[in-house]
Every structure is written in structure tokens, then in C-alpha cells.
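For reference, the structure discussed in these notes is given below.
Indexing begins at 1, ligand by ligand and atom by atom, following the structure's order.
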Amino acid sequence: MWLFGALIAFASILALVLLRKRFNYWRKNGVPSTSPWTILGDLWPTFVKGRIVPFVYNDIYKAFPNEKLVGIYDLINPNLIVRDPELVGTIMIKDFRHFQDRVTIKKRRNRLEYHLVVLCGEQWKSMRTKIVPTFSANKLKSMIPMMEYCAQILDSHLREKTLTGESFDVKEVSSRFTLDVIGCCMFGLHFNSLNDPNSEYRNIGKMMINVRGIQGILQLLRLVFPKLLEYFNISELPAPLLPFFTKLLKQSEELRKHESTKRNDMMQLLLDIRDQEELDNAPDEGGISFNDNVILSNVFLFYLAGFETTAGTISFCLYELALNPDVQSKLRQEVRAVLQANSAELTYKTLKQLPYLEMVISETLRKYPPGTFTNRICTEAYKLPGSSFTLEPGTRLTLPIYSIHHDEKFYPNPKKFDPERFTPENIESRPPFTYLPFGDGPRMCIASRFAQIEMKLILTRLLSKYEFTTSPKTEIPIQWQSRRFQMIPKNGIHLQVKRLEENE
Ligand code: HEM
């Protein structure tokens, strides 16, 4: 018995010594750093108390107010939080070739993991070049009627809902709307999740967002310790996803076989690239060939990246407008004037004539950035400017979008919702790289213009006809789902919605 006890004591001391050695990495290299005690590293508040990851990073960001960089540990992985906007710009743009990749699984990818977010090096470059035309101005223009179609369904849905006079969850309604927009613009399919909330299409979305228990822990591990999942060949994705997206791809492809004219959606572009490559019979050396796995992965990615980001922003925006009625009425005046001047038609051009709406959306994305942080891996040894320290290849860096957006230095009183922060003069007065909702540089969000058009269009339509106010069910402040990377309201966003007369 005593031998067993001695062994346990010895193993514990050894583990502690190894951990201390590991947690000395940054200090040894002269980088200001934290000094965690357990194997959970700096992420212990997430695993133990459920605190969401961007808030944990923000606590550390605020604890080192005078530093450009802070060394931390995601579990036992050293990670650098980049606090200095100039350095953020250097990493994202100027010295991008040293920081091309994100933290990801590289070898044992599952069939849904051949997409832009996770691909590295030449494979990423080749795919980005092929997919960029999907979001050209012309393609976006042709998607506006599809967005309008979904906006009309949303309008009828809201009209019915407002008849009862009860408040409801605008987050849920926004998610169903943005899912339908992705369905139309991406796959060319009309899902009508707004009127069929229990459809498989909507349920898959819920499954991907409301991750609980072991799946949630696996998703956290995916980001902070991808090698562990890679080594044990574990997928953090719920099992029904692969068959669902395979079916979706088949359905969308089948539909096209019977049509005489070519569709103008994103799926068509992916299929065209695949068909052209097959015709040319020229494999993309070093790059990536558009086989069915690659198409499937991108279908999955556009679904995943495309609905919660925009749905969250739309509902946070409505929430802030309900809390700030003066901003809401000023915005209503602007959108009604533009609709009136353009016979109620919204085009690519008219959507650019809404400066106050742009300011309101920018402030929403500042306060609630859907991508709360992004990361890069150092791919070639890099000597940090102004320091004697050289980053080794494989070092991970976090670009803390939420923290920069909530830094008093750049945004005084950061909790206040104030669209005036985004007048041209105020934008000009801030240092570059202090506003990063879509990231920046060659790896920035590929669909930022698509997302902005969609959000502007639906907010214009909604605000011209509806008034949003708080109700006893509105949670102030919003509570967040625990152990997440993003800010996801735990209990939805309940608002009172009233249909207005034209002159009201
Ligand atoms: C409000 C809406 C959105 C926000 C705020 C947002 C934000 C972001 C951010 C912060 C990144 C990381 C950028 C970086 O690392 O520098 C990103 C990447 C990406 N986003 Fe978005 N996104 C939005 C909507 C969308 C939509 C609608 C789609 C697709 C339909 C999309 C597709 C992507 C893709 C493919 C990438 C990876 C790009 C690459 O690595 O080359 N996003 N997004």
C-alpha cells in the first residue's frame, strides 16, 4: 500500500516539475507571460467555471496593459496574445508569409475538413484563388433577389407573430432567416425554415450551435489541442452532419441536371470548378483538386460560417436598437427615406447609400464580434520587431478581436453602444487594425461583402415596418452559453415587436 502511495506522490511531483518547466517557456524567452499551475493552463476558467474563451483572453489582455505581447498557455500549448494593433497588422498583412496558417488538424482530416478555414499553405492559397470569384460584385448583385425572397417570407412570418402582441426570440427568427438565405444563395434550394422550424435543415443548424457536454469539450480541444484529436483520430463533429451534407450536395446537383439554364449560386461555381478540372485532366500540383470531398467540405463550411455569424449580428443589432430608441428612430428615418427615393427597391447601389445603417452595423460588430478572436501559426522562423526573440515555426498567435474592440484606449466606455464611433472622422482618429470584425489581410473573411449586404438588406426591410422594444422577458445584460469561443445568448434575445403604419 505504502509503495502505491509513494508511486502516486512521485508521479505527482514529476508531473508538477514537468508542468513548471513547460510553463516557463515564455519567461525563459524574455516574453511577459502568465504563470498557470494546472494542466488546463490559462484556460482553467473555461473548463472549470464555464467562462467563455474570449473573456478569459480579455482578462489576460487587461492584466498586461503596457505590453505588446503576452505569453499564455492554452492547456500546455504556448500561445502569444498580440495586444499591439501595429503588430497585428504586421502579422496579418506585412509579414503574412510567416503566418499563413491557422491552428488546425493537418494529417487525419475527416471528410468535411477540406475547406478554407482549416487548409494550410499552398492548398489554402489554391482554394482561396478558386473560390474568390464566388463573392464578386456581379455574383453578389445576382443574389439580392434571392435575399429579398427570404425577406418577404420573414415579413409574412413576423406579421403573423406580431398579431398576438407577445414578445418573441428575435435570435431564433434571425437564424431561420439567415439559414434560408444560405439555402437559396449557396445551394439553390428553398428550405423555408421560417415556417418549418423543425425541418432537418434547421435542426442541423441547432445541433451545430447548441453544442453541449462532450461535444462542447471536444470543440474546445479542437482549437486548443488539435494534435490530441488528430492522434486519437477523434472527430468533434456530431455524427449526423456527414450524411446530411452528402444528401444536400446530391439534391442540389440532381436539381441542376434537369434545368436548361445555369444557376448563379455558389454551388454552381464549385461544381463548375470541379467539372473544368476533370475536363482539363490537369491536377493542381501542390494545390488542391476540386473533388467531391472538397465540394462537400465547402458546402459544410458555408452553411456553418454563413448563418450564425449574420444571425447573431442581426439580433444583437435589434437588441441594441430596442435599448436605444433614439438610434432606432434615426435609423428608421434613413431607411424609409432611401426606400421612398428608390420606389421601395433595394439594389447593390442603394444598399451603399445608407451611412447611418453602416455605422450601426459597425458598432454592433465592434461590441459583439462573431469571430471573437482569430489565430495564426508561425510557419517560418520570425524575429519579432523591436525584440531579440525569434518565434519558432509552429508557435501559435492569437489576434484578440474582442479585446481590441473593448479596449478603453481605442473605444472609451466600450460597453456603451454608440454608432457615432464610426463617423468618418472618428474612424480616421483611431490607429489602424483596431477594428477587425472580419479579420484582415489575405486570410480575412472571404464573404464579408456578402454578409454586409445581407445584414443591410434585412435590417432595412425590418426597420421600415417594425418597431423593436424591450419586454419583461428581455435579458439585460445577455447571459452567454458557457465554454464557447463565441458570444451565444444562453436564453435567446426576446423583444417586443410592433408592426408600424407607413407614416408611424
Ligand atoms: C457577420 C458576418 C461574419 C463575420 C463577422 C465573419 C468573421 C470572420 C472572421 C473574423 C474570420 C477570420 C479572418 C482572419 O483570420 O483574418 C472569417 C473567416 C472566414 N469566413 Fe467569415 N464572417 C462572417 C460571415 C461569413 C459568411 C456569411 C461566410 C460564408 C458564406 C463566411 C466565410 C468565411 C470563410 C470561408 C473564412 C475563412 C477565410 C480563409 O481562411 O481564407 N463568413 N470570418
Can you tell me which residue and heavy atom of the protein come closest to atom 28 (C) of ligand 1, and the distance to 0.1 Å?
Ala447 CB, 3.3 Å
Looking at ligand 1, would Met266 count as a contact under a 4.0 Å heavy-atom criterion?
no
What part of Leu301, side chain from CB on, backbone N/CA/C/O, both or neither, has a heavy atom under 4.0 Å from ligand 1?
side chain
In this structure, are over 12 heavy atoms from other groups packed under 6.0 Å from Glu428 atom CD?
no
Note, Ile295 side chain near Leu271 side chain (heavy atom, < 4.5 Å):
yes
Among Gly312, Gly371, Ala451, Pro437, whose heavy atom sits nearest atom 7 (C) of ligand 1?
Pro437
Any side-chain heavy-atom pair of Leu119 and His115 under 4.5 Å
no
Kindly indicate whether a cation-pi arrangement holds for Arg443 with Phe96, taking the cut-offs as under 6.0 Å to the six-membered ring centre and within 45° of the axis.
no
From Met146 CE over to Asp180 CG, what is the distance, rounded to the nearest 0.5 angstrom?
13.5 Å
Numbering as shown, the atoms of ligand 1 that approach Pro370 to under 4.0 Å (heavy-atom distance)
5 (C)
Starting from atom 6 (C) of ligand 1, what is the nearest protein heavy atom, named by residue and atom, and what distance separates them?
Phe438 CD2, 3.6 Å
Asp440: numbered ligand 1 atoms lying under 4.0 Å from its heavy atoms
16 (O)
Identify the protein heavy atom lying closest to atom 27 (C) of ligand 1, giving its residue, its atom name and the separation to 0.1 Å.
Gly306 CA, 3.4 Å
Starting from atom 37 (C) of ligand 1, locate the nearest protein heavy atom and write down its residue, its atom name and how far away it is, to 0.1 Å.
Val117 CG2, 3.6 Å
Working note: Phe177 + Phe307, criterion ring pair (Phe, Tyr, Trp, His ring centres under 6.0 Å); need CA distance, chi angles, decisive distance, verdict.
CA-CA 8 Å; Phe177 165 76; Phe307 88 96; over 10 Å; no
Identity and separation of the nearest protein heavy atom to atom 18 (C) of ligand 1
Cys445 CA, 3.6 Å
What atoms of ligand 1 come within less than 4.0 Å of a heavy atom belonging to Thr313?
1 (C)
Hey, does the Lys NZ or Arg CZ of Arg366 hover above the aromatic six-ring of Tyr411, less than 6.0 Å from the centre and inside 45° of the axis?
yes
Side-chain donor/acceptor of His98 to backbone N/O of Glu380, under 3.5 Å
yes
Do Lys330 and Tyr356 form a cation-pi contact, if we require the NZ or CZ to be under 6.0 Å from the six-membered ring centre and within 45 degrees of the ring's axis?
yes
Determine, for Glu254 against Lys247, whether the closest basic-nitrogen to carboxylate-oxygen distance falls under 4.0 angstrom.
no
Taking atom 13 (C) of ligand 1 as the reference point, the nearest protein heavy atom with its distance:
Arg443 O, 3.4 Å
Phe307: heavy atom below 4.0 Å from ligand 1, yes or no?
no
So for Arg376, does at least one of its heavy atoms come nearer than 4.0 angstrom to any atom of ligand 1?
yes
Do any N or O atoms from the side chain of His405 and from the backbone of Leu436 form a donor-acceptor pair under 3.5 angstrom?
yes
Looking only at protein heavy atoms, what sits closest to atom 30 (C) of ligand 1 is Phe302 CD2, 3.5 Å
How does Ala305 reach ligand 1, by side chain, by backbone, by both or by neither, if only non-hydrogen atoms under 4.0 Å count?
both
Quick one: which of Met127, Met92, Arg128 has a heavy atom closest to atom 41 (O) of ligand 1?
Arg128
At what distance is the nearest protein heavy atom to atom 34 (C) of ligand 1, and which residue and atom is it?
Ile446 CG2, 3.9 Å
Does Asp169 come within less than 4.0 Å of Arg176, counting only side-chain N to carboxylate O?
no
Which is it for Arg102 and ligand 1 at heavy atoms under 4.0 Å: side chain, backbone, both or neither?
side chain
